[in-house]
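Only heavy atoms go into these numbers, but all of them, side chains included; no hydrogens, no water, no symmetry mates. Within every chain, numbering begins at 1; the chains are lettered A, B, ... in the order of the sequence lines, protein sequences first and strands thereafter. For clarity, every value in this text was computed on a predicted model and none was experimentally measured.
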Amino acid sequence: MSKKVRVRFAPSPTGGLHLGGVRTVLYNFLFARHNGGDFVLRIEDTDQNRFVAGAEEYIFECLAWCGMKPDESPVAGGPYGPYRQSERKSSYREYAEKLVAGGHAYYAFDTTAELEEMRTIYKTEQNPSPQYDHQLRMKMRNSLTLGEDEVTRLISSGVPYVIRIKMPEQETVHFSDMIRGEVSFNTSTVDDKVLLKHDGMPTYHLAVVVDDYAMKITHAFRGEEWLPSAPVHILLWKYLGWMDDMPQWAHLPLILKPDGNGKLSKRDGDRLGFPVFAMNWTDPRTNDFTQGFRERGFLPEAFVNMLAMLGWNDGSGQEILSMDELIQRFSIDRVHKGGAKFDFEKAKWFNQEWIKKSTPERLKNDVKAILEKNGIVVSDDNYLLSVIGMVKERCTLLPDFTEQSKFFFQTPEIIDTESIRPKWNMDKSVFFKEIQPVLAGLQDYSAASIETAFKDLATARSIKMGELQLPFRIMLVGGKFGPAVFDIAATIGKEETLLRINRALEQLA
RNA sequence: GGCGCGUUGGUCAAUCGGUUAAGACGCUUCCCUUUCACGGAAGAAUGACGGGUUCGAUUCCCGUACGCGCUACCA
């Protein structure tokens with residue numbers, strides 16, 4: 001019998017949630033749901049210097065917006081709490097001490113200055129960044145070099161120290177990554193990472209294994225940047241005696257910047273004009289503002305869909321997939337190995353597809369919020385619904401609804417008379433005067449009957465219908481865009497139609 | 001520098017040894033529409049390089065190049 005699938009997303013609450021972070025959550029979430037497992041959110045707040053107010057709430061809101069509610073979290077609780085590492089502080093020391101007792105870790109008393117000194121002394125052209133490793137540790141101040149009495153004396157007199165893992169020499173650590181297959185490392189090339197900091201908090205390295213063990217995590221997904229430290233984690237699982245419970249690892253490819261190479265950063269978004277965070281974020285310390293996909297006008301369905309396809313596909317060629325479909329089709333072995341460059345044009349396409357696919361009802365609240373934000377009063381929801389139905393295939397991002405539907409709610413202030421004038425003449429002027437009483441007399445003010453009225457009068461005055469449609473459109477809309485003219489006329493109503501014709505005639509006179 | 005990972009069009013990518021090397025985004029042209037879109041049709045554009053293995057390599061292996069990641073008491 002296999003264990004119930006349990007995965008976790010473990011962000012550090014230090015700022016806005018990056019695209020890549022959301023994708024990592026997404027793959028976790030899809031994997032959990034696909035396998036009927038649990039999805040837990042754990043907060044990695046072991047670095048108290050990096051505490052950022054509001055960052056944790058922000059993460060929750062992002063997940064909620066994307067439709068990925070954790071089954072267990074600091075807020076929802078669960079049987080394996082606490083879910084905030086700072087609240088689990090006491091348990092880490094115990095394990096670190098156990099490692100020391102077992103000879104797999106040691107106390108190190110080196111000060112920051114001494115570490116810096118070591119790095120400058122041993123820095124050479126061949127080795128620009130010396131590591132605290134099996135070669136150098138015997139030259140440092142630690143429980144391997146100091147002698148038992150001295151170590152006890154230092155500790156009891158309150159001298160700050162850290163606990164470091166003692167990496168073995170010339171061993172090969174290998175494991176099977178769900179995405180990359182067999183991966184192996186020579187332990188001699190890995191440094192003695194700090195496990196427990198002087199303030200008693202664990203580093204990521206210790207915390208991730210203690211917590212994954214405690215929370216019975218079965219599959220651990222994280223970014224590719226963690227691959228080099230994987231041997232440390234694996235050895236920790238081994239030394240702690242938990243090898244049988246070690247999760248299966250999957251190191252996800254990175255999301256790269258669109259131009260050039262390298263990890264996509266917030267700065268790239270600022271530079272190239274697209275969002276990188278899920279939602280707006282203002283750093284409380286620096287007041288540095290970063291735009292989010294949500295506020296830029298993305299539907300969460302599209303955002304999630306786009307992210308899912310950045311590094312994964314099911315081989316069917318179908319790209320527009322709902323969360324439920326993604327859950328059904330997701331499989332970790334179809335995740336790419338190589339990083340993917342982010343393409344904002346394609347991201348917009350996903351959103352456009354989702355807007356087209358969505359019902360007016362689905363879009364109603366989002367559009368209403370956008371319109372009201374732009375000073376457009378929506379008093380009749382049914383009217384809004386029919387407007388959305390007419391304009392949604394013209395919108396790529398939510399804010400596009402403003403320009404595309406403004407004229408349904410407000411008489412255009414300025415109209416593009418320049419586009420009418422070249423072909424404007426007395427006949428047309430007369431036509432638009434004569435059409436007014438005809439429209440006014442219409443019993444059934446529908447698109448079809450307005451069109452018939454136009455045709456009849458056009459025929460009688462020997463004017464081509466086509467000659468009339470553009471001016472009429474500009475009178476009603478203000479410019480050369482929008483849905484079918486007669487539909488617009490019918491929607492805004494008789495009175496408004498007549499008003500707009502008159503106004504335009506005045507401007508053309 | 002060391003270690004690790006990666007490499008199919010401009011971008012996302014299919015192919016699990018045998019195809020004219022899919023499809024999508026973007027771009028160009030055309031059709032539809034006397035608006036703008038949507039929709040439809042067509043086009044240009046791809047296996048980093050060199051060795052193997054094999055009857056046959058984009059696919060498997062090795063090397064080279066290039067790219068990226070890591071190299072903190074940050075995650």
Donor/acceptor link under 3.5 angstrom from Lys346(A) side chain onto base of A24(B):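 Yes, the side chain and the base share a sub-3.5 Å donor-acceptor pair.
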Checklist entry - Less than 3.5 Å between a donor and an acceptor, one on the side chain of Arg394(A) and one on the base of C36(B), is that the case here? => result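 Looking at the base of C36(B), it does pair with a donor or acceptor on the side chain of Arg394(A) (distance under 3.5 Å).
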- Item | Spacing between His336(A) atom NE2 and G67(B) atom P, to the nearest angstrom |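 One finds 23 Å between P of G67(B) and NE2 of His336(A), rounded.
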Asp314(A) CG to G23(B) C1', in whole Å, measures 12 Å
Taking 4.0 Å as the cut-off, does a side-chain nitrogen or oxygen of [X] come that near to OP1 or OP2 on [N]?
X         : N      : result
Lys357(A) : C38(B) : no
Lys263(A) : C70(B) : yes
Lys480(A) : A37(B) : no
Arg164(A) : C73(B) : yes
Gln352(A) : C38(B) : yes
Lys392(A) : C38(B) : no
Arg334(A) : U15(B) : yes
Asn49(A)  : C74(B) : no

Report the nucleotide, chosen from [options], that has the shortest atom-to-atom distance to any side-chain atom of [X].
X         : options                : value
Leu254(A) : C68(B), C12(B), G4(B)  : C68(B)
Asp47(A)  : G4(B), A37(B), A75(B)  : A75(B)
Thr46(A)  : U34(B), A75(B), G67(B) : A75(B)
Trp349(A) : C12(B), C70(B), C25(B) : C25(B)

For the [atom1] atoms, the ones on [N] and on [M], what distance do you get once it is rounded to whole angstrom?
N      : M      : atom1 : value
A44(B) : G39(B) : P     : 23 Å
A45(B) : U11(B) : C1'   : 12 Å
U33(B) : A41(B) : C1'   : 16 Å
G63(B) : G47(B) : P     : 24 Å
A24(B) : A42(B) : P     : 10 Å
U7(B)  : C31(B) : C1'   : 40 Å

*Relative to the 5' end of RNA chain B, which residue comes earlier, Ile179(A) or Arg50(A), by the nucleotide with the nearest heavy atom?*
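Comparing both residues, the 5'-ward one is Ile179(A).
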Check: So what does Arg180(A) hit on the nucleic acid, given a heavy-atom distance under 4.0 Å: a base, only sugar-phosphate, or nothing?
Finding: sugar-phosphate
task: Identify whether any heavy atom of Ser419(A) sits under 4.0 Å from a base atom; if not, whether one sits that close to sugar-phosphate; answer base, sugar-phosphate or nothing.
output: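 Result for Ser419(A) = nothing.
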Within 45° of the ring axis of Phe481(A) and under 6.0 Å from its six-membered ring centre, is that where the NZ or CZ of Arg394(A) lies?
no
Practice problem: Flag the pair Ser358(A) / Lys392(A) as yes when at least one side-chain heavy-atom distance between them is below 4.5 Å, and no otherwise. | Solution: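 Sidechains of Lys392(A) and Ser358(A): no contact.
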* Any side-chain donor near an acceptor of the partner, Asn186(A) and Thr172(A), under 3.5 Å ->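 Short answer, no.
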